Amino acid sequence: MRISPRRLAIAAAVAAPLAAACHAGPSEAAPIVNGASQAVRSGQEVHPTGSDAFGVALLSVEQDSRCPRAVVCVSAGTAEIVIGYRYGMGPTVPVTLRWGAAPRDTLIGTVRVVFDSLTPYPTVPGPLLAQDRYIAWLSFKR
């Protein structure tokens, strides 16, 4: 049986979104509202409730003054990130969270988002890393 190029293109168009949905790419499908820390990379959106109706993304790392491992500091320092949340296809709402200072968490609807840590940890003093190198560790609790 010969398959026409048109039918092949239609089949590929139908299968592509299904294959993408099975791939654990920039979006997380399983519910993660359990308190366990979840890695969220810059630009990645996770869905704490397991539904695309509510998403949280790491928008940027604004400040990282954590004490580097190779240095003796008076305090542990702080890190500041901006996360964004959205409901459905609505606008992304930015929220600033801090590690080592308040506010470390925020309540979005019924989900509390807690900023647990930021990696990589600095080894020497210096400027911010490229945004795509950072991973924010967030926990989601009801």
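Because the structure is a prediction, the values reported are computed rather than measured. Any value given below was found using the heavy atoms of this structure, including those in side chains, with hydrogens, waters and symmetry copies removed.
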Please name the pair of heavy atoms, one in [X] and one in [Y], separated by the smallest distance, quoted to 0.1 Å.
| X | Y | answer |
| --- | --- | --- |
| Gly109 | Leu107 | O-CG, 3.6 Å |
| Gly35 | Ser139 | O-CB, 3.4 Å |
| Val72 | Cys67 | C-SG, 4.3 Å |
| Pro68 | Pro125 | CG-N, 3.5 Å |
| Ala79 | Phe115 | O-CE2, 3.7 Å |

Are any side-chain N or O atoms of [X] and backbone N or O atoms of [Y], one a donor and one an acceptor, separated by less than 3.5 Å?
| X | Y | result |
| --- | --- | --- |
| Arg98 | Ala102 | yes |
| Ser51 | Ala53 | yes |
| Glu80 | Thr96 | no |
| Tyr121 | Arg66 | no |
| Tyr85 | Phe54 | no |

Over 12 foreign heavy atoms within 6.0 Å of CZ, Arg41: no
Heavy-atom side-chain contact between Pro91 and Arg86 under 4.5 Å: no
CA sep, side-chain torsions, deciding dist, call: Arg104, Asp116, salt bridge (Lys or Arg N to Asp or Glu O under 4.0 Å): CA-CA 8 Å; Arg104 186 173 161 222; Asp116 296 323; 3.4 Å; yes
Single-linkage hydrophobic cluster Leu138~Val93, side-chain heavy atoms < 4.5 angstrom: yes
Shared hydrophobic cluster for Ile108 and Leu97 (ILVMFWY, side-chain gaps under 4.5 Å): yes
Distance-only donor-acceptor check, side chains Ser42 and Asp132, under 3.5 Å: no
Check: Trp99/Thr78 side-chain N/O donor and acceptor closer than 3.5 Å: no
Distance in Å, Ile81 CD1 paired with Gln63 CD, rounded so as to fall on 0.5 Å steps: 11.5 Å
